[in-house]
Amino acid sequence: MTRIEILGVPVDAVTEPQALEWAVQALANGRPRQVATVNPEFVMRARRDPEFAAALRRADLCLPDGAGLLWAARRQQQSLPSRIAGVDFVRALARAGATRGWRFFLLGAEPGVAEAAGLALCREYPGLQVAGTLAGSPDVAMDPVTVGAVRGSRADILLVAYGAPAQDLWIARNLPATGARLAIGVGGALDFIAGRTRRAPRWMQDRGLEWLHRLAQQPWRWRRMLALPHFVMRVMVERRPSRT
Ligand code: UDP
């Protein structure tokens with residue numbers, strides 16, 4: 001697997017089938033693994049947040065979850081084969097897990113959303129085992145309670161929906177204690193799966209415009225999304241970085 005860097009943040013050059021195969025191997029053996037769904041907002045945040053940057057550096061798989069990353073890679077004469085949206089990867093895992101007996105725990109989002117997302121996944125992928133759901137809180141003080149709930153469920157895969165960087169820091173702090181073998185920061189994926197938010201139409205996804213749809217649906221995001229033009233400007237002025 002080739003790992004490149006975009007403005008100092010690792011991103012793995014994988015396709016969705018390769019990422020899924022990696023997950024199958026990770027679940028079959030060994031230590032717990034952390035997956036991050038990197039997008040340009042992550043990159044800009046990591047540049048001013050050393051703790052978040054360190055968590056991304058330590059992550060075992062950094063999925064390219066943003067069309068802007070593919071563009072940035074091309075500008076540095078490198079390549080990322082495709083964008084993998086976190087929600088698409090969750091569904092791919094659920095499809096694979098339904099026949100393999102993987103136990104999923106859905107953590108985060110507004111109260112009731114993880115539960116609704118779990119039910120929706122079970123409808124979409126009959127046989128899927130949802131070991132538990134909990135809104136919980138990304139607050140460090142709540143870690144012992146939340147970790148206890150995940151550990152007690154004997155989950156294999158933990159989906160954490162606290163948004164970045166909270167979800168990725170939560171996983172970095174707690175994954176070994178949860179007993180799960182794979183944990184993924186999934187952002188708004190549970191909201192999509194539960195039907196609380198709608199994804200952009202296919203043509204917008206294919207043209208790298210999912211961010212625009214999100215902004216139209218959730219205009220309060222505008223301030224956070226200023227990271228996007230900043231990302232573009234930063235990439236334009238950056239010299240070609242080295243391959244890791
Ligand atoms: N969220 C949460 N607790 C918090 C902050 C956020 O459960 O303290 C949830 C929020 O409800 C949403 C998820 O985190 O389901 C991801 O939020 P967002 O869509 O902002 O993440 P992104 O996809 O942009 O990383």
Side-chain angles (χ1 to χ4, degrees), residues 6 9 11 34-49 51-53 55-56 59 61-69 83-91 93 104-121 132-143 145-147 149-150 158-174 183-200 204-205 208-231:
I6 305 284
V9 171
V11 185
Q34 174 164 6
V35 181
T37 52
V38 179
N39 65 27
E41 280 182 38
F42 279 49
V43 172
M44 297 316 283
R45 173 77 192 213
R47 288 172 68 81
R48 56 188 164 80
D49 182 339
E51 200 189 357
F52 184 41
L56 293 177
L61 182 67
C62 290
L63 294 177
D65 181 4
L69 299 181
R83 174 181 174 222
I84 306 175
V87 61
D88 292 332
F89 190 57
V90 168
R91 286 207 161 92
L93 281 172
F104 288 74
F105 194 105
L106 282 56
L107 175 64
E110 296 284 322
V113 172
E115 196 184 351
L119 290 171
L121 284 177
T133 63
L134 181 69
S137 158
D139 190 340
V140 178
M142 291 301 294
D143 284 0
V145 178
T146 314
V147 167
V150 179
L158 173 60
L159 310 178
V160 185
Y162 286 140
Q167 60 193 15
D168 307 284
L169 297 177
W170 194 96
I171 295 171
R173 275 198 314 275
N174 296 307
I184 311 172
V186 295
L190 302 188
D191 296 305
F192 288 130
I193 293 167
R196 301 293 168 103
T197 48
R198 266 182 306 113
R199 279 198 79 187
M204 286 186 100
Q205 291 181 37
L209 294 174
E210 192 150 15
W211 62 272
L212 185 60
H213 185 265
R214 245 181 148 188
L215 185 60
Q217 264 205 332
Q218 302 172 320
W220 50 264
R221 282 181 177 273
W222 72 270
R223 194 183 288 278
R224 266 177 56 182
M225 289 181 75
L226 286 178
L228 292 173
H230 289 153
F231 173 80

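One-based numbering, in listed order, for ligands and for the atoms of each. The analysis underlying the following values was restricted to heavy atoms, covering all of them including side chains, and did not include hydrogens, waters or symmetry mates.
- T37 pairs in a side-chain contact (heavy atoms from CB on, under 4.5 Å) with only one of the listed residues (V87, V90, L63, D168), which is L63.
- Residue contacts with ligand 1: R214 is included, with a non-hydrogen atom under 4.0 Å away.
- When the heavy-atom distances from atom 2 (C) of ligand 1 to F42, W220, Y162 are ranked, the shortest goes to Y162.
- The closest side-chain heavy-atom distance from R214 to T197 is not below 4.5 Å.
- Contact check for L169 versus Y162: no side-chain heavy atoms found under the 4.5 Å cut-off.
- Only one option out of I184, V186, L107 pairs with L158 in a side-chain contact (heavy atoms from CB on, under 4.5 Å); it is L107.
- Looking only at side-chain heavy atoms (C-beta outward), M204 and E210 stay at 4.5 Å or farther from each other.
- The contact set between ligand 1 and G187, taken as ligand atoms under 4.0 Å from a residue heavy atom, comprises 13 (C), 16 (C), 21 (O), 22 (P), 23 (O), 25 (O).
- The distance criterion of under 3.5 Å between nitrogen or oxygen atoms is met by D191 with respect to ligand 1.
- The P138 neighbourhood of ligand 1 comprises atoms 8 (O), with distances under 4.0 Å to a heavy atom of that residue.
- Residue R221 has at least one N or O atom closer than 3.5 Å to an N or O atom of ligand 1.
- Scanning all protein heavy atoms for the shortest distance to atom 17 (O) of ligand 1 gives G163 CA, 4.0 Å.
- Taking only nitrogen or oxygen atoms, main chain and side chain alike, A109 reaches within less than 3.5 Å of ligand 1.
- Nearest protein neighbour of atom 23 (O) of ligand 1, counting heavy atoms only, is G188 N, 2.9 Å.
- L69 places a side-chain heavy atom less than 4.5 Å from the side chain of V43.
- With hydrogens left out, the protein atom closest to atom 20 (O) of ligand 1 is R224 NH1, 2.9 Å, a heavy atom.
- Distance alone, capped at 3.5 Å, is enough to place a donor-acceptor pair between the N174 side chain and the W170 backbone.
- Nearest non-hydrogen protein atom to atom 14 (O) of ligand 1 is A161 O, 3.0 Å.
- Counting heavy atoms closer than 4.0 Å to ligand 1, residue R45 contributes nothing at all.
- For the pair L159 and F89, the minimum side-chain heavy-atom distance is 4.5 Å or more.
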